[in-house]
**Student:** 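Encoded as structure tokens, here's the structure I'll be asking about.
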Amino acid sequence: MRAGAATHKRAPMRLTNYFLPLLKETPSDATIASHQLMLRAGMVRQNAAGIYTWLPLGHKVLKRIEQIVREEQNRAGAIEMLMPTIQSAELWKQSGRYDAYGPEMLRITDRHDREMLFGPTNEEMLTDVFSSFVRSYKDLPKMLYHIQWKFRDERRPRFGVMRGREFLMKDTYSFDLTPEDARKSYNKMFVAYLNTFERLGLKAIPVRAETGPIGGDLSHEFVILADSGESAVYADRDLVEMNAPGTDIDFGGDLQSVVDQRTALYAAADEMHDADAFAAIPEDKRMEARGIEVGHIFYFGTKYSEPFNAKVQGPDGKPSLVEMGSYGIGVSRLVGGIIEASHDENGIVWPASVAPFGAGIINLKVGDAECDGVAEELYAKLSEAGLDPLYDDSSDRGGVKFSRMDLIGLPYAVTVGPRGVRDGVVEVKDRRTGERESLSVEAAVAKLTG
RNA sequence: CGGGAUGUAGCGCAGCCUGGUAGCGCAUCUGUUUUGGGAACAGAGGGUCGCAAGUUCGAAUCUUGCCAUCCCGACCA
């Protein structure tokens, strides 16, 4: 993306050339804030229950989130690839999940009447690919991931993109020789997730999750705190206030202490909640909140390596099944999740890291040579600094422009009007705080890019 | 999948009970005046009333079936 920015030139993003179909009134189908705001801000359009078209503004945010997720996976040593959306039923029969999955799986037959399905996840497929190439323990450990659309035919899709049927997900799969090594992979993802969510402007906490037949403590859900969250979360306040380890952490080093530091503190969702353990926390540290699950990591041992006979030869010459784990992040769900965690009565408040545009430029008197000149100058300088501004060059009235910028939630709005221009200033408004200040063009650019 | 509700213009809704020319607000288009927080006036366009059968001289309205969407619950990134 960085490299692309230098070579990928495009015309200035003027609102009059953009495709931003806003809604003034809230569609009656939407009941939670993120869904309402995504529809009103022209980010998505529903095509069927739980299936959405990503309009330009929503698409930009989706891609920015995806890119942050990608960068942190790469940093942790995971390797990107891409598997298909449509899978053959054969693989799923081999793992036994073709029958186990039930009606949530969208089943399709092709023209030759072969059984296919729209993948709800990719354990089978990747284990199959992996086992067909890897023979030696020397090829381990490996973490492979892809970011791909998936489909789960939910009984009841709802909450817009937060619980859609078609959704974009990042899923990583780890392959190790021993359970001890698998824990190291698990720890890498644990840390990568903390850093990822912090970069996304979110407060995400790892909560203990059900581990299934494998047992152990190697399963965590990452939840973000928001009033509209679907499940109750109980946690030690110290955990919530803890910062992410930071992207300069050494993924080649021992991460156990970093993980222990967090898992030692109480945090659980409804299903795993232990009232006694929670009561043991000092009262002022106890926190009950609502949470939205945005990530899930877990170790599942040889559950899939067994049916696919994914074995490697160890140093002792003996073949052994690979130890696996899988690690998901709901990328499209995060778009809604971030809005749930960050909005106000006027609209969305994007964290700068995922905002569709870095700033908005509002020209209050389009056609006035001086205003046009200052707005163009601002646009050029902010673009030059890589801020990717959106220039509102429409002939709408001021009030319309202001409320529109508030709705789409860009971090800053810079207003250029005849009054300010006369005095050599523009007005910079911080979307989050609402603070406004009059600054010279140079000072405004410095403030936004500094 | 159980329970509840709704489908009428792009969006939000009224009309249905009691059958008789399909309406309102916003948005859109034209014109004039406006223009620093969702402008005013004048005019215009836009609808197989979710679909299909039925009852009737006549159905948005009554009956039956189907489809779609949403809400609450149980389950999931």
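Below, all heavy atoms of this structure are taken into account, side chains as well, without hydrogens, waters or symmetry copies.
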**Student:** Rounding to an integer number of Å, can you tell me how far A/Glu345 CD sits from B/G38 P?
**Tutor:** 16 Å

**Student:** Sequence neighbours left out, what pairs pass ring-ring contact (aromatic ring centres under 6.0 Å, His included) with at least one residue falling in residues 67-107 of chain A?
**Tutor:** A/Trp92-A/Tyr101

**Student:** For the side chain of A/Asp406 and the base of B/G37, is some donor closer than 3.5 Å to an acceptor across the two?
**Tutor:** yes

**Student:** Measure across A/Asp274 and A/Tyr266 and return the closest heavy-atom pair with its distance rounded to 0.1 Å.
**Tutor:** N-OH, 2.7 Å

**Student:** For a 4.5 angstrom cut-off between non-hydrogen side-chain atoms, does A/Gln148 reach A/Leu82?
**Tutor:** yes

**Student:** Taking pairing as Watson-Crick or G-U wobble with both contacts under 3.5 Å, can you name the mate of B/G23, or confirm there isn't one?
**Tutor:** B/C13

**Student:** For B/G7 versus B/U63, give the span between their P atoms, rounded off to a whole number of Å.
**Tutor:** 15 Å

**Student:** Give one of base, sugar-phosphate or nothing for A/Leu23, where a contact means two heavy atoms less than 4.0 Å apart.
**Tutor:** nothing

**Student:** Watson-Crick or G-U wobble partner for B/U18, using a 3.5 Å limit on both distances?
**Tutor:** none

**Student:** I need the CG-P distance between A/Asp423 and B/G36, as an integer number of Å.
**Tutor:** 17 Å

**Student:** So what does A/Pro418 hit on the nucleic acid, given a heavy-atom distance under 4.0 Å: a base, only sugar-phosphate, or nothing?
**Tutor:** base

**Student:** Would you say A/Leu439 and A/Lys447 make side-chain contact, with heavy atoms under 4.5 Å?
**Tutor:** yes

**Student:** Go ahead and name the base partner of B/C76; Watson-Crick or wobble counts if both distances stay under 3.5 Å, otherwise write none.
**Tutor:** none

**Student:** Please tabulate the protein-to-nucleotide N/O contacts below 3.5 Å involving nucleotides 26-29 of chain B, giving atom names and distances.
**Tutor:**
none

**Student:** Please measure how far the P atom in B/C72 lies from the corresponding atom in B/A60, and state the result in whole Å.
**Tutor:** 34 Å

**Student:** So do the side chains of A/Glu124 and A/Phe308 get within less than 4.5 Å of each other, counting heavy atoms only?
**Tutor:** yes

**Student:** For B/C66 versus B/G2, give the span between their P atoms, rounded off to a whole number of Å.
**Tutor:** 14 Å

**Student:** Tell me the partner of B/G54, counting only Watson-Crick (N1-N3 plus N6-O4 or O6-N4) or G-U wobble (N1-O2 and O6-N3) with both under 3.5 Å; none if nothing fits.
**Tutor:** B/C62

**Student:** Does a donor on one side chain and an acceptor on the other come within less than 3.5 Å for A/Asn363 and A/Asp372?
**Tutor:** yes

**Student:** Any strand is fair game: report the nucleotide pairing with B/C49 by Watson-Crick or G-U wobble, both distances under 3.5 Å, or none.
**Tutor:** none

**Student:** Produce a footprint string for nucleotides 70-77 of chain B: one letter per nucleotide, 5' end first; B if the base is under 4.0 Å from any protein heavy atom, S if only the sugar-phosphate is, - if neither.
**Tutor:** SBBBBBBB

**Student:** How is A/Arg45 classified with respect to the nucleic acid when contacts are heavy atoms under 4.0 Å: base, sugar-phosphate, or nothing?
**Tutor:** nothing

**Student:** If pairing requires Watson-Crick or G-U wobble contacts with both distances under 3.5 Å, which nucleotide is the partner of B/C70?
**Tutor:** B/G4

**Student:** Considering only the P atoms, how many Å lie between B/C62 and B/G19, rounded to the nearest integer?
**Tutor:** 9 Å

**Student:** Between A/Phe300 and A/Phe298, is the gap from one ring center to the other below 6.0 Å?
**Tutor:** yes

**Student:** Any salt bridge linking A/Asp388 with A/Lys60? Criterion: basic side-chain nitrogen under 4.0 Å from a carboxylate oxygen.
**Tutor:** yes

**Student:** Take atom C1' in B/C51 and the same atom in B/U6, then report the distance between them in whole Å.
**Tutor:** 16 Å

**Student:** Side-chain N or O of A/Arg419 less than 4.0 angstrom from OP1 or OP2 on B/G36?
**Tutor:** no

**Student:** On RNA chain B, compare the nucleotides closest to A/Arg397 and A/Lys429; which residue's is nearer the 5' end?
**Tutor:** A/Arg397

**Student:** Pick the P atom in B/A68 and in B/A59, then give their distance to the nearest Å.
**Tutor:** 27 Å

**Student:** Given that both distances must come in under 3.5 Å, which nucleotide forms a Watson-Crick or G-U wobble pair with B/U30?
**Tutor:** B/A42

**Student:** Can you tell me, in whole Å, how much space there is between the C1' of B/C1 and that of B/C57?
**Tutor:** 46 Å

**Student:** Determine the interatomic distance between P on B/U28 and the same-named atom on B/G15; round to the nearest Å.
**Tutor:** 27 Å

**Student:** Applying a 3.5 Å limit to both distances, which nucleotide forms a Watson-Crick or G-U wobble pair with B/U35?
**Tutor:** none

**Student:** Starting at CG of A/Asn363 and ending at C1' of B/G37, how long is that distance when rounded to a whole Å?
**Tutor:** 16 Å

**Student:** Hey, is the side chain of A/Arg436 pairing donor to acceptor with the base of B/G37 inside 3.5 Å?
**Tutor:** yes

**Student:** Determine the sole option in A/Asp171, A/Thr121, A/Thr85 for which the side-chain hydrogen bond (donor to acceptor under 3.5 Å, both in side chains) test with A/Lys150 is passed.
**Tutor:** A/Asp171

**Student:** Return the minimal non-hydrogen interatomic distance between A/Val366 and A/Ser394, and the atom names on each side.
**Tutor:** CG2-O, 3.3 Å

**Student:** When the ring centroid of A/Phe222 is compared with that of A/His296, is the distance short of 6.0 Å?
**Tutor:** no

**Student:** If I take atom CG in residue A/Asp396 and atom C1' in nucleotide B/G36, what distance separates them, rounded to the nearest angstrom?
**Tutor:** 14 Å

